[in-house]
Amino acid sequence: MKLKLDLHDIFNKGTEIDKALRGIIDEAVQKKAAMVEIIPGKGSGQLKKKVLRFLDQKEIKQLYHRVEKDGDNWGRLFVHFRHDAPTGRRGRGR
């Protein structure tokens, strides 16, 4: 399952951006989604930086496995999840 969050409509509303990001991350964890596609858009790059800072917060970072920047479209990010760790810890080798 893949979830998608397009931030174009709320690009200039800081608190709504944080709520939307937190909501999609929580939904991914709850539904055990493998990936979330986040579209901050190309623009000046400030929104993408805000998204990356959000994802880098300690309490958020522990919820996902890794972030991938789209090599073909720099206005898009992929957040990958791994739900198979029984203790919820990341970094378990396969």
Side-chain angles (χ1 to χ4, degrees):
M1 169 190 292
K2 178 175 113 173
L3 302 174
K4 184 176 181 178
L5 176 62
D6 188 338
L7 295 173
H8 282 99
D9 293 339
I10 57 171
F11 71 94
N12 61 350
K13 299 175 182 149
T15 56
E16 285 188 39
I17 291 167
D18 287 349
K19 284 181 196 174
L21 289 168
R22 183 63 203 219
I24 200 75
I25 296 297
D26 288 346
E27 183 180 352
V29 169
Q30 177 190 1
K31 293 182 175 178
K32 297 190 184 299
M35 181 174 57
V36 170
E37 177 182 353
I38 300 174
I39 303 171
K42 294 180 180 176
S44 68
Q46 292 305 307
L47 183 52
K48 183 176 180 178
K49 288 178 186 174
K50 180 174 179 48
V51 170
L52 290 170
R53 281 192 304 270
F54 176 88
L55 293 171
D56 202 38
Q57 295 176 86
K58 184 179 178 182
E59 69 274 9
I60 301 298
K61 201 171 190 173
Q62 67 187 4
L63 300 174
Y64 65 87
H65 174 59
R66 68 183 174 92
V67 174
E68 174 188 2
K69 297 175 185 174
D70 188 338
D72 297 326
N73 179 353
W74 56 273
R76 180 166 65 172
L77 300 166
F78 299 105
V79 182
H80 297 270
F81 293 82
R82 185 182 294 166
H83 302 284
D84 59 355
T87 61
R89 287 182 291 158
R90 299 176 330 130
R92 200 176 95 198
R94 286 186 176 193

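The figures that follow rest on heavy atoms only: side chains count, while hydrogens, waters and symmetry mates do not.
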Compile the donor-acceptor pairs under 3.5 Å between side chains in residues 28-35 and protein atoms, sequence neighbours left out, one pair per line.
unit_1: K31; atom_1: NZ; unit_2: E27; atom_2: OE2; d: 2.8

On a heavy-atom basis, which atom in [X] and which in [Y] lie closest, and how many Å separate them?
X: G75; Y: P40; value: O-CD, 3.2 Å
X: A20; Y: L5; value: O-CD2, 3.7 Å
X: L63; Y: F81; value: O-CD2, 3.3 Å

Side chain to side chain contact (heavy atoms under 4.5 Å, CB included) involving E37 - partner list, sequence neighbours excluded:
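Per chain and number, E37 pairs via side chain to side chain contact (heavy atoms under 4.5 Å, CB included) with K2, K4, I39, R76, F78.
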Quick one: side chain to side chain contact (heavy atoms under 4.5 Å, CB included) partners of K58, sequence neighbours excluded?
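Counting only residues at least two positions away or on another chain, K58 forms no side chain to side chain contact (heavy atoms under 4.5 Å, CB included).
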Show me the donor-acceptor pairs, under 3.5 Å and distance only, between side chains in residues 41-55 and residues at least two apart or in other chains.
unit_1: S44; atom_1: OG; unit_2: Q46; atom_2: N; d: 3.4
unit_1: K48; atom_1: NZ; unit_2: W74; atom_2: O; d: 2.8
unit_1: K50; atom_1: NZ; unit_2: D18; atom_2: OD1; d: 3.3

Check side-chain hydrogen bond (donor to acceptor under 3.5 Å, both in side chains) between D26 and all other residues, then give those that pass, not counting sequence neighbours.
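Here the qualifying residues are R22.
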Quick one: list whatever passes side-chain hydrogen bond (donor to acceptor under 3.5 Å, both in side chains) with D56, sequence neighbours left out.
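side-chain hydrogen bond (donor to acceptor under 3.5 Å, both in side chains) check on D56 returns K61.
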Starting at CD of E16, measure out to CG of D9 and round the result to the nearest 0.5 Å.
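If I round to the nearest 0.5 Å, the distance is 10.0 Å.
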Approximate separation, where rounding is to 0.5 Å, of I24 CD1 and L7 CG:
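The distance works out to 9.5 Å.
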